[in-house]
Q: 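Take a look at the following structure, please.
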Amino acid sequence: NKTLFRGFFWFFVFVAIASFALVLLFPAVGTHIGPPYYGAWRGIFWSKNYMGPVMAFGNPVFLFYIVKSLKQMLALLGNILLYLLTVLLVILSKCASAMILMFILNLGFLLVLAWVKWKKLLKKPHYIIGAIVFALLLIVIFLNLNFFLGLVGRDSSLTGRYPLWSYLIHYGWTNHPILGSGFGATWETNNFRYTTA
């Protein structure tokens, strides 16, 4: 486990610093300069949709090391800086799924940390109350989905993706029901792209 976590730590250190440095040194390479993303950071990745989630996964690794290094001031400061760098990269990627993922992973990590610390004090009624609160939170979120997705600039149609996916599934099913058309092959024809748009 220590080797695995150390490997994750150094991987995310390299990716975060390299992505940040690339954007600062070569902004035209490290950001999307045209439509549809207009200035979203992609760092060393092909797209913002790769950098954002990768940084979201790296974020709790640094949170883990913050908790682990609470008594070592220098290591603690370094881990806090790396944690904040990954938060910044997720935000600058303008990737809504990465922001949601980062929130869920941080919340999950903090809940596990609290459980490890206080599990001896918890009894069956605590778990039942926790399950009820969790279920109520899910209900509130699903009943107000547009509000919560609006916090990251999205809506319940997943920013127009739902109608697109519906059309693509219908098109694929009616025209190529058994073998499909090949990975990405449908998009190669201008006619299909114009019709879909």
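Numbering of residues begins at 1 and proceeds along the displayed sequence. Keep in mind that what you see is a predicted model, and the values were worked out from it rather than measured.
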Q: From Leu122 CG over to Ile129 CD1, what is the distance, rounded to the nearest 0.5 angstrom?
A: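 Reported value, rounded in 0.5 Å steps: 10.5 Å.
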Q: Do Leu88 and Phe20 make a side-chain contact, defined as non-hydrogen atoms from C-beta onward lying under 4.5 Å apart?
A: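 With C-beta onward as the side chain, the pair touches.
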Q: Is atom CZ of Phe26 surrounded by more than 12 heavy atoms (other residues, nucleotides or ligands) closer than 6.0 Å?
A: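 Not more than 12 within 6.0 Å, no.
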Q: Do Ile139 and Leu107 share a hydrophobic cluster (ILVMFWY, side-chain heavy atoms under 4.5 Å, transitive)?
A: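 Different clusters.
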Q: Working note: Ile91 + Trp41, criterion side-chain contact (heavy atoms from CB on, under 4.5 Å); need CA distance, chi angles, decisive distance, verdict.
A: CA-CA 9 Å; Ile91 292 168; Trp41 285 31; over 6 Å; no
Q: How far apart are the C-alpha atoms of Leu81 and Leu77, what are their side-chain angles, what is the distance that settles it, and do they pass the side-chain contact (heavy atoms from CB on, under 4.5 Å) test?
A: CA-CA 6 Å; Leu81 280 173; Leu77 289 174; 5.6 Å; no
Q: Do Val61 and Phe57 have side-chain heavy atoms sitting under 4.5 Å apart?
A: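 Not in contact.
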Q: How far apart are the closest heavy atoms of Pro27 and Thr31, and which atoms are they?
A: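 Shortest heavy-atom separation between Pro27 and Thr31 comes out as O-OG1, 2.5 Å.
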Q: When you group the ILVMFWY residues by side-chain heavy-atom contacts below 4.5 Å and let the links chain together, are Tyr127 and Leu113 in the same group?
A: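 Shared cluster, no.
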Q: Just do the side-chain contact (heavy atoms from CB on, under 4.5 Å) check on Leu105 and Asn59 with the steps written out, would you?
A: CA-CA 8 Å; Leu105 289 173; Asn59 187 259; over 6 Å; no
Q: For a quick test of reading the model, state the closest non-hydrogen atom pair linking Arg42 to Lys48 and the distance between them.
A: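 Taking every non-hydrogen atom into account, CB-N, 3.6 Å.
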Q: Are Arg6 and Phe9 in a cation-pi setup, meaning NZ or CZ lies under 6.0 angstrom from the ring centre and within 45 degrees of the ring axis?
A: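 Judged by the rule (NZ or CZ under 6.0 Å from the ring centre, within 45° of its axis), Arg6 counts as positioned above Phe9.
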Q: Counting C-beta onward and ignoring hydrogens, is there a side-chain heavy-atom pair between Asn79 and Phe64 closer than 4.5 Å?
A: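 No - every pair of side-chain heavy atoms lies 4.5 Å or more apart.
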Q: Apply the test side-chain contact (heavy atoms from CB on, under 4.5 Å) to residues Val13 and Phe62: give CA-CA distance (whole Å), side-chain angles for both, the deciding distance (0.1 Å), then the verdict.
A: CA-CA 9 Å; Val13 165; Phe62 297 124; 3.7 Å; yes
Q: How about Leu74: does its CG atom have over 12 heavy atoms from other parts shown lying under 6.0 Å from it?
A: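 Count not over threshold, so no.
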Q: So how far is it from Phe45 CZ to Met55 CE, rounded to the nearest 0.5 Å?
A: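 Interatomic distance, Phe45 CZ to Met55 CE, rounded to 0.5 Å: 5.0 Å.
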Q: Would a 4.5 Å heavy-atom cut-off, applied to side chains only, mark Ile80 and Leu76 as touching?
A: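 Yes, close enough: below the 4.5 Å cut-off.
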Q: According to a 4.5 Å side-chain heavy-atom criterion applied to Ile, Leu, Val, Met, Phe, Trp and Tyr, with indirect links allowed, do Leu143 and Ile141 form part of one hydrophobic cluster?
A: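 Different clusters.
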Q: What do you reckon, is CG of Leu110 surrounded by more than 12 foreign heavy atoms closer than 6.0 Å?
A: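 Atom CG in Leu110 is crowded, with more than 12 foreign heavy atoms closer than 6.0 Å.
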Q: Calculate, to the nearest 0.5 Å, the distance between atoms CG and CD1 belonging to Leu84 and Ile66 respectively.
A: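 CD1 of Ile66 is found 7.0 Å from CG of Leu84.
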Q: For the residue pair Ser93 and Gly52, what are the closest heavy atoms and their distance?
A: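 In this case the closest contact between Ser93 and Gly52 is OG-CA, 3.5 Å.
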Q: Rounded to the nearest 0.5 Å, what separates atom CG in Asn175 from atom NE2 in His170?
A: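 It comes to 8.0 Å.
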Q: So which atom in Ala56 and which in Leu101 form the shortest heavy-atom distance, rounded to 0.1 Å?
A: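 Scanning both residues, the minimum pair turns out to be CB-CD2, 3.9 Å.
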Q: For Phe148 and Val140, which heavy atoms make the closest approach, and how far apart are they?
A: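 Where Phe148 meets Val140 most closely, the heavy atoms are CE1-O, 4.0 Å.
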Q: Is there a side-chain contact between Val133 and Leu137 (heavy atoms, below 4.5 Å)?
A: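 The answer is yes, as the side chains (C-beta and beyond) meet within the 4.5 Å cut-off.
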Q: I'd like to know if the side chain of Ser19 and the backbone of Ala16 have a donor-acceptor N/O pair within less than 3.5 Å.
A: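 Not a single qualifying donor-acceptor pair exists.
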Q: Quick check on the hydrophobic clustering: are Trp115 and Leu63 connected, directly or via other members, by side-chain heavy-atom contacts under 4.5 Å?
A: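 No.
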Q: Say you draw a straight line from CE of Met102 to CE of Met99; how long is it, rounded to the nearest 0.5 Å?
A: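 Here the interatomic distance stands at 7.5 Å.
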Q: With a 4.5 Å heavy-atom cut-off, do Ser47 and His32 have their side chains touching?
A: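 Ser47 reaches His32 side chain to side chain.
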Q: Honestly curious: do Leu164 and Tyr171 fall in one hydrophobic cluster under the side-chain, below-4.5 Å linking rule?
A: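 Yes, one cluster joins them.
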Q: Rounded to the nearest 0.5 Å, what separation is found between the OG1 atom of Thr174 and the CD1 atom of Ile169?
A: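 Answer rounded to 0.5 Å: 11.5 Å.
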Q: Once the angle between the rings of Tyr167 and Phe192 is folded into 0 to 90°, is it parallel (under 30°), tilted (30 to 60°) or perpendicular (over 60°)?
A: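 Rings of Tyr167 and Phe192: parallel, as their planes differ by under 30°.
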Q: Look at the rings of Phe12 and Phe8 and say which category their plane angle falls in: under 30° parallel, 30 to 60° tilted, over 60° perpendicular.
A: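 Phe12 and Phe8: parallel rings.
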Q: Any non-hydrogen side-chain atom of Leu89 less than 4.5 Å from a side-chain atom of Val54?
A: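 They are not in contact (no side-chain heavy atoms under 4.5 Å apart), so the answer is no.
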Q: Do the non-hydrogen side-chain atoms of Val15 and Met51 ever get within less than 4.5 Å of each other?
A: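 No, their side chains stay 4.5 Å or more apart.
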